[in-house]
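Everything quoted here is computed from the prediction, not taken from an experiment. All values below were derived from every heavy atom in this structure, side-chain atoms included, with hydrogens, water molecules and symmetry-related copies excluded. One is the number of the first residue; the rest follow in order along the sequence.
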Amino acid sequence: MTYFIWTAIVIIAISMVALTYRVVKGPTPSDRVIALDALGVTLICIVGLFSILVGTNFFLEIILLLAILSFIGTVAFSKFIEKGDIITRDDSR
């Protein structure tokens, strides 16, 4: 079982390298946002597999924090690509 988990961690780490390349060299900003979101998911997977490997529940809180930050980052980047501004201000006052 340990060899399977280490094999999965290595495969996911290789996919993280490919996703990092896509974030840096993505042809469009949309591709970069999707790659960044997938990078967050793969990081969550590695932390989850490491938690299983070590046999502790401590990393589950870290997984939850990473998921929240990944979601907020994806929404912020998507809004920035769509409108050019993350926080819209009403200057009509």
Trainee: What side-chain hydrogen bond (donor to acceptor under 3.5 Å, both in side chains) pairs are there with at least one residue in residues 66-75, not counting sequence neighbours?
Mentor: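 For residues 66-75, and leaving out neighbouring residues, the side-chain hydrogen bond (donor to acceptor under 3.5 Å, both in side chains) pairs sorted by first residue read D37-S70, D37-T74.
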Trainee: Counting only pairs under 3.5 Å, give me each side-chain donor-acceptor contact of residues 4-26, with atom names and distances, residues two or more places apart or in other chains.
Mentor:
residue : atom : partner : partner atom : Å
T7      : OG1  : Y3      : O            : 2.7
S15     : OG   : I12     : O            : 2.6
T20     : OG1  : M16     : O            : 2.7

Trainee: In the hydrophobic cluster built from side-chain contacts under 4.5 Å, what are the other members alongside L65?
Mentor: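 L69, which link up through side-chain heavy atoms under 4.5 Å apart, make up the rest of the cluster.
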Trainee: Which donor-acceptor pairs under 3.5 Å do side chains of residues 41-64 form with protein atoms, sequence neighbours excluded?
Mentor:
residue : atom : partner : partner atom : Å
T42     : OG1  : A38     : O            : 3.2
T42     : OG1  : L39     : O            : 2.8
S51     : OG   : T56     : O            : 2.7
T56     : OG1  : F58     : N            : 3.3

Trainee: State which residues pass side-chain hydrogen bond (donor to acceptor under 3.5 Å, both in side chains) with S78; sequence neighbours excluded, sorted by chain then number.
Mentor: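 Applying side-chain hydrogen bond (donor to acceptor under 3.5 Å, both in side chains) to S78 gives none.
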Trainee: Among residues two or more places apart or on two chains, list those pairs meeting ring pair (Phe, Tyr, Trp, His ring centres under 6.0 Å) that have a residue in residues 25-45.
Mentor: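 As it turns out, there is no ring pair (Phe, Tyr, Trp, His ring centres under 6.0 Å) pair with a partner in residues 25-45 once direct neighbours are skipped.
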